[in-house]
Amino acid sequence: MPDPLQTLEPVTGVGLPALKNEMMLPAVLDPWAGHALYEAANLAKKVPGSKVYLVSLGQKAKLQQVMMTIAQKVSFELVAIDGPASGFTDAHEVAPALAAAIMAIPGIDKSRLLLFGGWESASRGAGATMQILGEILGITDQFEGVDEITVQDDGSFQVLERVEGGKHQVSTCAGTPAVLGWATGNLGEPRNDPQVGMANMRTVMPALQRAKPAKVAAEGVLYGRVELPKQQRNTRIVKDMPADQIAREIIEWISQK
Amino acid sequence: MATPSVEKPTYETIRTLPGDDVRQILWRYSDRYDLQMLVQSVRSVARGLVAHLVAEGARNTHEWTDRKNELLKAYDESGVSASFLEPEEGGFIAGPKNMVLALVAYELAWVDGGAATGALAGCLALSPIHERGTVEQKKHYMSLCAPPQPGEDRKPWRGSFCLTEPIPYVGVDTGMLNGKLRVAEWKDGEEPMLQVDKRGRFITNMGFANFVTAAVQSVDERIKGSCIVILEENDPGIFDRGTPTKKMVHQLSSTNDPIFSLKVPASRIVGGYTVKDGVIVPNFDHSEVIEAVFKRTRVTVALMTSAKLLSAIEPIIRYQRGRFRGAEQATPGTIRYDLGLQQREDALHRLVDIWAMGEASAALGFAAARCFDVLDPLEKEKNTILEEKGIRGGKSEMKFFKGVQKDAIDFLNLCAKPEEARANSTRFVELHENKLVQYAILDAVAGVLCPASKLWNTGKGNVLMREAVSLMGGYGITEDCPGFLGQKWMDSQLEATYEGPEAVQRRNLTVTMQNELFLKQFGNWIVEMRHIAAQKPGTGACALGTAMQLWLWTYKHLQHAKDPQGNKLYQSARQGVTFPMADALCWLLASRQQILDLIELEHRGPENPVVAEGLAGTVQFLTDLCHVQTARSVGEVGRICAELVHGFRRHPAWDEAGYKGCYAQDEMDLMEAFVPGLPACATDVVGLDGCHPDKAGPCANCEGLEPFQRLRARMDNCLTGAMLAKDRAAEALTKVMIPEALDYPQ
């Protein structure tokens, strides 16, 4: 996705809305997906014989740039899919494209799959992509808003999911396969390590060359209007206002909304 | 007062600030994934930890604090420390490292020059060993400095390079080495032990270095000449790190004034030694080692200032646009709100100047780095060939290369011919494949590009950094200034000074630019610029070609021109002549490289879909910047050359000698009778009573300078359109999309 630090200005042309100069803006792996990747790599390090595949949908040329950073973070094998990633794509199209790419991985054993992804990725915050993807792949053990996974010796694992009230729901899953839509997890962003990057690049470049275009143009989806959130600045400077009165005014303001 | 209406764009213009994809093409590393990854890795350190340290005020102390020390770990983890090493030594990039270090310096200096200096000082310490060390020395010290691999539990060694610096008022001559070397102990059949006494000043990384490569001079008849020795912190004797230098700049690098008095084995002499007639003869004297080291490392310093200029663009645009937002009169939708200071032409034009010089300076610096990357393997081959021929040492090598130079000139002459004319030339193919010829040709260019980039990028860059600071108003000289512009301005002054101040670079350049091989290539570049101008008008290449002609004409003229006392103008001691010529050359080289980079982008851009999207606008904008910068270069070259060509001729006075060149009034009266109106053309007419026009003297005779005058007039004429380009570039600045916020500290 385009780097959120950039000026993201929606423009409406023929078909889908897009972002102004989108192709020229720097791109990043969306933060949710990033956390999922780092958690996956962390888990893979602890479980011998496991392997991380990063299945990513984005414009091929942008993916290549993103990989120059991401490939230095952790070890993985890239499966690249060529398509737009602006935030105007639809989860119902992205998920099948991802599912097809996953199923095409040579030797993939679906029964031993832990499918990690960002819980709000590619869905404009709706959290739909991972759920649909799981359904397509027939994986019904699904967890959303995950912050932690702890694998037990018997292959079962305990998952912490975010729930209302700032709490976590603790679930235990008997084993793979499962879908985990990650929130932020507990890990910091791994440092860049060019040595890891050099190792990853052996597979990244061929994967990018092999990337097939995905049809995720959201045909039939009608966007009524797209706009940036408006900045509002209603400042009032009042001296020595008692706390009670401040609280009353805030409640009043919220009530108006 | 609003900006006067300028030519409204009917052309594509730049849409966003040039991203990595564009830079990779401009600076020729779009096919180097190792470099692209390194850039990202270094950037995360620069815009993360380094930026935080600057923002926290870590620069406000000279001491090497624990917080600053975190940088070392970050350099190790991000691959900066290992970037200088070969894969077998613990590094991850094979081959020449000039472009590697150039990019590291550029990325770190984008945020802080001191961090860049500190990171690269370790490489500088290893450079003497890398360039001239024995196999054992290389293996030993490179592996010690390699960051630990997974599973390894050791602290990597840090190094420091200690040449010499004059310590004020203690009687140190800048031209002499203040390190002394003598034999401490030499038992029969055993390795000699040496006593090293040295004081250093401004020594980077000294606060934590585990070893030092130090230049020393023999004061013992049993040791010949000078050399570089390796000192370790645990060697017997004094390894005093000294007091931290009270620098006003680059405080994120550790700099001390150390004192050493140590006993070391002779095997620490970099490059080894031989014993001849009871005398220790180092295989390389200190100047041979230093020449090999500084030949390369100065380029990285040059790029530090380039990074500063280009990093200033985004914060200035943001400041200019947002200057009035929040004020009562600046309501959304008004020009005052949307454009802020960008309503004013001056603010835009000055920013265009900064951007144009930033591009030119980066172009020159990276061209130099690439040049050395090509030169390094050629130099190794040259050394092997010469070794096989038994040629070693300055004089015998110079003598041998006189023959090579003739071949190289032949090759360059063939290069100047049209491609079809040399297509079947076996001589051309033979010379093209001759490594010594190719080395000589490239070495001549590298010898110029290195001092030129160090001198021009830092010196002129510093002046433009002041402009950048001024464009931020009072904000510019605060610690809070986005982009740390005030700190960068100060830092650039040090960059113009260390690793050889401007005078040293000018001196170096005045020697290397005289190389016949360089001048021959320079002549070919004039043709190249004309060709580019024909293919792609609008870059200023044509004007630049004329300015290059003017420079060359002036250079040749000065070789035989004399002052009124009959003294030759172009001679080593006459720095008032040679140094300005060196300065003028730098402007030309930078502009040429900027244009060549633009051509590369236009050619290769369509291959990359990311770049192709807005390529037309990006190319148009960068073309205009080339034109703006070329106009500036042309102006500087014209001024310098005119001063030198005319300035050493004595101006005629109203005296007997001066009157000889004037018309007498009675002659004029007579002429008027024969050719009415002719006297009006005469400028200097003297009356019978000796009265003369009200001016300093009769106009100077310009005999012999007609070609210069023609070139000068032509060059001025070539400036046609340059200000239109500036207007277009300025207009583009009001439209270019910038990020919502600066991406550092992050």
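A quick note: this is a predicted structure, and the numbers were derived from the prediction, not measured. Worth knowing before you read on, the calculation uses all heavy atoms, side chains too, and leaves out hydrogens, waters and symmetry mates. The chains referred to below are lettered A, B, ... by the order of the sequence lines, with proteins before strands, and numbering in each begins at 1.
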With only heavy atoms counted, which part of B:Gln149 is less than 4.5 Å from chain A, the side chain, the backbone, both or neither?
side chain

Would you confirm whether A:Arg191, through its side chain, and B:Glu77, through its main-chain N or O, come within 3.5 Å as a donor-acceptor pair?
yes

For B:Thr618, which atoms come within 4.5 Å of any heavy atom of chain A: side chain, backbone, both, or neither?
side chain

Looking at B:Gly90 and A:Gln195, what are the two nearest heavy atoms and their distance?
O-NE2, 3.3 Å

B:Ile738 portion near chain A, given a 4.5 angstrom heavy-atom threshold:
backbone

With a 4.5 angstrom heavy-atom cut-off, is it the side chain or the backbone of A:Met24 that approaches chain B, or both, or neither?
both

Once you round to the nearest 0.5 Å, how far does CD of B:Gln40 lie from NZ of A:Lys73?
9.5 Å

Interatomic distance, CG@B:Asp76 vs CG@A:Asp193, rounded to 0.5 Å, equals 11.0 Å

Examine whether an atom of A:Gln64 lies under 4.5 Å from a heavy atom of chain B, and if so say whether it belongs to the side chain, the backbone or both; otherwise answer neither.
side chain

Taking A:Gln72 for its side chain and B:Met37 for its backbone only, find out whether a donor-acceptor pair lies under 3.5 Å.
yes

I'd like to know which of A:Val204, A:Thr69, A:Thr7, A:Leu8 tops the heavy-atom pair count under 4.5 Å against chain B.
A:Thr7

Sorted by first residue and then second, give each ring pair (Phe, Tyr, Trp, His ring centres under 6.0 Å) pair with at least one member in residues 80-105 of chain B; sequence neighbours left out.
B:Phe84-B:His130

Grab the two heavy atoms, one from B:Ser44 and one from A:Asn192, that are nearest each other, plus how far apart they are.
OG-ND2, 3.1 Å

Give the member of A:Glu9, A:Lys62, A:Met67 that has the highest number of heavy-atom pairs under 4.5 Å with chain B.
A:Lys62

Which of residues 205-212 of chain A have a heavy atom under 4.5 Å from any heavy atom of chain B?
A:Met205

Proximity breakdown for B:Asp20 and chain A, heavy-atom pairs closer than 4.5 Å
side chain

From CA spacing to verdict: side chain to side chain donor-acceptor pair (under 3.5 Å), A:Asn21, B:Thr16
CA-CA 7 Å; A:Asn21 299 324; B:Thr16 62; 5.8 Å; no

Tell me, side chain or backbone of A:Lys20 under 4.5 Å from chain B's heavy atoms, or both, or neither?
both

Applying a strict 4.5 Å limit to non-hydrogen atoms, the region of B:Asn608 in contact with chain A is side chain

Kindly indicate whether the side chain of B:Gln24, heavy atoms from C-beta on, has any atom under 4.5 Å from the side chain of A:Met68.
no

Let me confirm one number: the CE-CD distance from B:Met737 to A:Gln6, rounded to the nearest 0.5 Å.
7.0 Å

